[in-house]
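The following block contains the structure, expressed as structure tokens.
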Amino acid sequence: MTEPVLRIKGLTAGYGSVDVVRDVHLEVGKGEVVALLGPNGAGKTTTLRALSGLVKVSAGSVSMDGQDLTGLTPAARARRAIAHVPDDRGLFRGLTVAEHLRLGPRGERIDPDMAYQYFPALPAIADRRAGVLSGGEQQMLAVGRALARRPSLLVLDELSLGLAPVIVEQLLPVIRTYADESGCAVLMVEQHVHLALEISDRAYLMAHGAGSDSHDAAVLRRDRSVIQASYLGGQEWTPTADREKERDGELQ
Ligand SMILES: Nc1ncnc2c1ncn2[C@@H]1O[C@H](COP(=O)(O)OP(=O)(O)OP(=O)(O)O)[C@@H](O)[C@H]1O
């Protein structure tokens, strides 16, 4: 079997002396889009931050292309072509779009054309400062900036935060296309479960700091019981989009 781009084994991590993520196992292959799903506080963001070296890991390992990243700083991991788009987007309000697309850790290749290719709306606003952009424009810039680094692993934390669903519906397919065309491995945390599963190959479900086995996204799209159990401990759960359709009488 070919080595996955990202392999997380038995990851236990947290803040101070408290581990909030325990024994999480996860893999993402070349060109795969994998969703990490789960309710608030499940430990999804902590898992992403741990793999990028931003949170203390007390057990387990994170490896990329078979190489253990333990002990590497976040900057060193970024040089290994991990691009992490945090949930606050990580932009500088006073810098323009073009300036953001020239930025990169020292010695790292930056290719603004990648950002402009995947987000054709960006060139027209290249001279605008990030602070005056709409939420959707900011998110295009945040993701575009990550793509400009030509990552092997793209880590996305709640792209949809603060965005209208219609904007999310436009953004997420770009991620799928990018993974297909570039071979980049994508790990994404997303609260819009329904939309995330539309573009994902597989998903892992987290609850109370623990992970799950991998689930095929197509199966989860058809059978919601697994997700229901993960999110609400068995309470009824329906994706927002489907709730709207149900209200409109489209679903039984
Ligand atoms: N900086 C921090 N210091 C201490 N505890 C934290 C810190 N950040 C998060 N936590 C705690 O760790 C647990 C997991 O949080 P995390 O943000 O990883 O969950 P999540 O699944 O991403 O949730 P959400 O979907 O709400 O963002 C929570 O109980 C949270 O309160």
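Both counts, for ligands and for their atoms, begin at 1 and track the order of listing.
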| request: Could you check which of Asn40, Thr47, Thr45, Leu37 puts a non-hydrogen atom nearest to atom 24 (P) of ligand 1? | output: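 Looking at heavy atoms only, Asn40 sits closest to atom 24 (P) of ligand 1.
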| So is there a nitrogen or oxygen of Ala42 less than 3.5 Å from a nitrogen or oxygen in ligand 1? |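 Looking only at distances, the answer is yes, because the N/O contact criterion of under 3.5 Å is met.
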| request: Return a yes/no value: protein heavy atom under 4.0 Å from atom 10 (N) of ligand 1? | output: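 When distances to the protein are checked, atom 10 (N) of ligand 1 has a heavy atom within 4.0 Å.
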| query | Where is the tightest heavy-atom contact between Val55 and Ala13, given as atom of each residue plus distance? | reply | CG1-CB, 4.1 Å
| task | Identify whether the distance between the nearest side-chain nitrogen and carboxylate oxygen of Arg176 and Asp201 falls below 4.0 Å. | result |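 Salt bridge: yes.
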| query | Can you find a non-hydrogen atom of Gly41 under 4.0 Å from ligand 1? | reply |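 Right, Gly41 reaches ligand 1.
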| task | Report the C-alpha distance between Thr96 and Asp127 in whole Å, list the side-chain angles of each, state the deciding distance to 0.1 Å, and finish with yes or no for side-chain hydrogen bond (donor to acceptor under 3.5 Å, both in side chains). | result | CA-CA 5 Å; Thr96 66; Asp127 293 332; 5.6 Å; no
| field | Heavy-atom closest contact (Glu27 atom, Val34 atom, distance) | value |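 Looking at all heavy atoms of both residues, the shortest contact is O-CG2, 4.1 Å.
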| Hey, looking at atom 18 (O) of ligand 1, which of Thr46, Val20, Val21 has the closest heavy atom? | Thr46
| query | Within a distance of under 4.0 Å, is there any protein heavy atom near atom 30 (C) of ligand 1? | reply | no
| field | Region of Met206 engaging ligand 1 - heavy atom pairs below 4.0 Å | value | neither
| said: Can you tell whether the side chains of Arg202 and Asp216 come within less than 4.0 Å, N to carboxylate O? | reply: no
| field | Heavy-atom pair with the smallest gap, counting every atom of Pro165 and Leu195 | value | O-CD1, 4.4 Å
| message | For atom 20 (P) of ligand 1, which of the options Lys44, Arg49, Glu158 provides the nearest non-hydrogen atom? | response | Lys44
| message | Please compare Ala50, Gly43, Ala13, Pro39 and report which has the shortest non-hydrogen distance to atom 19 (O) of ligand 1. | response |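 The nearest heavy atom belongs to Gly43.
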